[in-house]
Amino acid sequence: MSKRILITGAAGFLGSHLCDRFIKEGYKVTGMDNLITGSLSNLEELFREANFDFYNHDISKFVHVPGELDYILHFASPASPDDYLKMPIQTLKVGSLGTHNLLGLARVKNARILIASTSEVYGDPLEHPQREEYWGNVNPVGPRGVYDEAKRFQEAITMAYHTYHNVETRIVRIFNTYGPRMRLNDGRVLPNFMYQALMGQDLTIYGDGSQTRSFCYVDDLIEGIYGLLLSDYVQPVNLGNPSEISILDFAQEIIQITGSKSELIYKDLPVNDPKQRKPDISRARKILGWEPQVDRKQGLTRTLAYFKEIMKEEIKGNFA
Ligand code: UDP
């Protein structure tokens with residue numbers, strides 16, 4: 001009998017890749033999404049699979065799933081700063097009420113639940129690189145607080161369900177991840193730069209571009225999440241690619257890889273934008289034997305092919 005897994009945020013960037021992976025591994029996959037940032041086009045292939053079904057549901061409301069469940073992956077949430085600034089209340093609700101509902105579901109189904117947390121729990125970090133032991137530097141009432149604090153609450157309630165109700169829980173702290181199926185207009189740096197480069201528009205650098213990020217290719221992340229779910233490790237685990245780059249250098253890489261003639265334009269730095277971010281992945285290495293395999297050049301090449309495909313009407317003629 002194949003195992004059954006519920007994946008929330010199934011129509012999103014990471015959720016849809018997770019659905020693919022678990023279908024490939026022979027699981028029965030039930031996807032759930034309210035489609036406020038996700039898109040059914042990410043699930044097109046999966047709807048042909050007998051082992052896949054889908055609920056259009058907002059998990060901030062009571063969640064009912066008939067039948068048995070072995071695993072739950074909780075990946076529902078706006079995740080781009082632009083999105084969560086536009087939807088602050090939904091972001092808070094899905095991280096808090098939504099997580100509570102899913103933990104309750106895990107408890108009655110006797111299912112193991114893995115929660116998608118984030119490097120944002122470290123806020124604008126004063127420790128570099130970020131280890132899981134670091135408690136973070138978050139402004140609760142700043143614009144990013146709606147996401148950061150929801151995710152911090154999510155970790156707290158997940159640990160409480162583990163401790164008080166013996167629910168089997170896992171927590172992954174996800175650092176910047178990129179790849180096919182990122183939404184073109186989600187406002188994050190990679191889709192913005194790819195779009196601008198392919199359209200021959202100036203790339204928008206927020207601030208002076210000296211802030212850093214560390215970008216992980218989606219396949220590597222999915223591999224790590226798969227390993228963590230099946231591990232017996234309960235404490236949070238960072239997953240990300242430690243290769244750190246400034247946003248300015250990242251813009252140059254995108255211009256180079258696309259062969260674009262775009263130039264740079266400078267805009268205001270968003271409030272509380274973290275100055276640096278790089279995961280310490282010693283724990284993932286030790287517990288999961290996990291290591292990112294795809295470097296930025298390979299990852300960006302694959303991602304570019306995706307953006308060229310979805311933008312093929314708009315960029316006709318730009319790249320003869
Ligand atoms: N950024 C930028 N130009 C853009 C979009 C983002 O310079 O068009 C910067 C942003 O200020 C941040 C970094 O790129 O320092 C990564 O932003 P993103 O929105 O991808 O996610 P974050 O890592 O901040 O959550």
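H74 places no side-chain N or O within donor-acceptor distance of the main-chain N or O of L103, the cut-off being under 3.5 Å. Side chain of H162 to main chain of V167: a donor-acceptor pair is present (N/O by atom type, distance under 3.5 Å, no hydrogens or angles). Using a distance-only test at 3.5 Å, with no hydrogens or angles considered, a donor-acceptor pair links the side chain of N238 to the main chain of Q130. Listed for the S260 side chain is no donor-acceptor partner under 3.5 Å among the backbone atoms of I255. Using modelled atom types, no side-chain atom of E49 and backbone atom of L46 make a donor-acceptor pair closer than 3.5 Å.
Counted by atom type alone, N137 and D124 present zero donor-acceptor pairs between their side chains at under 3.5 Å. Checked by atom type, the side-chain pair S80/D82 shows no donor-acceptor distance below 3.5 Å. Inspection of the R183 and T37 side chains reveals no N or O donor paired with an N or O acceptor under 3.5 Å. Side-chain contact annotation: T212 with E244, donor-acceptor N/O pair under 3.5 Å present. Residues N241 and S243 have side chains that never bring a donor and an acceptor to within less than 3.5 angstrom of each other. Using a 3.5 Å distance cut-off with no hydrogens or angles, the side chains of Q154 and H100 do not pair a donor with an acceptor.
Nearest heavy atoms, D220 versus C216: CB-SG, 3.9 Å. Here the closest heavy-atom approach between residue A10 and residue G31 is recorded as CB-CA, 3.5 Å. Scanning all heavy atoms of the two residues, the minimum distance from L35 to A11 falls at CD2-CB, 3.6 Å. What you find for V138 and D148 is that their closest heavy atoms are CG1-CB, 3.7 Å. Across all non-hydrogen atoms, the minimal contact from R296 to Y178 is CA-OH, 3.6 Å. P129 approaches D280 most closely through the heavy-atom pair CB-N, 4.0 Å.
In this structure, CZ in F75 is found 5.0 Å from CG in L18, a value given to the nearest 0.5 Å. One distance of note links CD of Q211 with OG of S246; it measures 8.0 Å at 0.5 Å rounding. With rounding to the nearest 0.5 angstrom, the CD1 atom of I281 is 15.0 Å from the CZ atom of R131. A distance of 9.5 Å separates CD in E168 from CG in L229, rounded to the nearest 0.5 Å. Rounding to the nearest 0.5 Å gives a distance of 12.0 Å between OG of S39 and CG of L184.
Counting non-hydrogen atoms of other residues, nucleotides and ligands closer than 6.0 Å to CD of E263 gives a total of 12 or fewer. Under a cut-off of 6.0 angstrom, the local environment of CD in E68 is sparse, with at most 12 non-hydrogen atoms contributed by other residues, nucleotides or ligands. By the neighbour-count criterion of 12 heavy atoms within 6.0 Å, atom NZ of K93 is sparsely surrounded, having that number or fewer from other residues, nucleotides or ligands. Atom CG of N56 is surrounded by more than 12 heavy atoms from other residues, nucleotides or ligands within 6.0 Å.
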Worked check of side chain to side chain contact (heavy atoms under 4.5 Å, CB included) between S117 and V172
CA-CA 5 Å; S117 187; V172 57; over 6 Å; no
Verdict with supporting geometry, L300 and Y217, side chain to side chain contact (heavy atoms under 4.5 Å, CB included)
CA-CA 8 Å; L300 287 178; Y217 188 66; over 6 Å; no
Please step through side chain to side chain contact (heavy atoms under 4.5 Å, CB included) for the pair R144 and D273, ending with a clear verdict.
CA-CA 8 Å; R144 299 172 88 103; D273 196 281; 3.8 Å; yes
Would T204 and Q196 count as a side-chain hydrogen bond (donor to acceptor under 3.5 Å, both in side chains) here? Give the steps.
CA-CA 8 Å; T204 50; Q196 291 157 349; 3.0 Å; yes
Does the side chain to side chain contact (heavy atoms under 4.5 Å, CB included) test come out yes or no for L6 and L73, once each step is laid out?
CA-CA 6 Å; L6 169 70; L73 293 178; over 6 Å; no
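Y233 has its side chain out of reach of I171: every pair of non-hydrogen atoms, C-beta onward, lies at least 4.5 Å apart. A 4.5 Å side-chain heavy-atom check between L69 and I5 finds every atom pair outside the cut-off. Using a 4.5 Å heavy-atom threshold, the side chains of L264 and Q252 count as touching. Looking at F175 and R213, their side chains never come closer than 4.5 Å, going by heavy atoms from C-beta outward. Between F307 and L198, the closest side-chain pair of non-hydrogen atoms falls below 4.5 Å. Between M159 and Q235 the shortest side-chain heavy-atom distance falls below 4.5 Å. In this structure, the side chains of L14 and L221 come closer than 4.5 Å at one or more pairs of heavy atoms. The shortest side-chain heavy-atom distance between L105 and L102 falls under the 4.5 Å cut-off.
Between K28 and D53, none of the side-chain N atoms (NZ, or NE/NH1/NH2) sits under 4.0 Å from a carboxylate O, so this pair counts as no salt bridge. Under the 4.0 Å criterion applied to side-chain N and carboxylate O atoms, E291 and R285 are assigned as salt-bridge partners. Between E133 and R283 there is a salt bridge, since at least one side-chain N of the basic residue sits less than 4.0 Å from a carboxylate O of the acidic one. Checked for salt-bridge contact, D20 and R181 meet the test: a charged N lies under 4.0 Å from a carboxylate O. Under a 4.0 Å N-O distance rule, the pair E155/K151 does not qualify as a salt bridge. We find that R302 and D219 are joined by a salt bridge, their nearest charged nitrogen and carboxylate oxygen being less than 4.0 Å apart. The pair D70-R112 fails the salt-bridge criterion, with no side-chain N (NZ, NE, NH1 or NH2) lying under 4.0 Å from an Asp/Glu carboxylate O. Under 4.0 Å is where a charged nitrogen must lie from a carboxylate oxygen, and between R173 and E132 no such pair does. Between D186 and R188 there is a salt bridge, since a side-chain N of the basic residue sits under 4.0 Å from a carboxylate O of the acidic one.
Because its NZ or CZ atom is not both nearer than 6.0 Å to the ring centre of Y122 and within 45° of the ring axis, R277 does not count as a cation-pi partner of that residue.
The same ILVMFWY cluster, assembled from side-chain heavy atoms under 4.5 Å apart, contains both Y266 and I247. Linking Ile, Leu, Val, Met, Phe, Trp and Tyr residues whenever their side-chain heavy atoms come within less than 4.5 Å leaves Y55 and F47 in two separate clusters. Follow the hydrophobic side-chain contacts under 4.5 Å out from Y206 and you never reach Y195; the two are in separate clusters. Y84 and L190 are not part of a single hydrophobic cluster, where members link through side-chain heavy atoms under 4.5 Å apart. Cluster annotation: I265 and L203 are assigned to distinct hydrophobic clusters (Ile/Leu/Val/Met/Phe/Trp/Tyr, side-chain heavy-atom contacts under 4.5 Å, transitive).
Aromatic ring pairs are classed by plane angle as parallel below 30°, tilted from 30° to 60° and perpendicular above 60°; the pair Y71 and Y27 is tilted. The aromatic rings of F13 and H17 sit perpendicular, their planes meeting at an angle over 60°, well past the 30° parallel limit.
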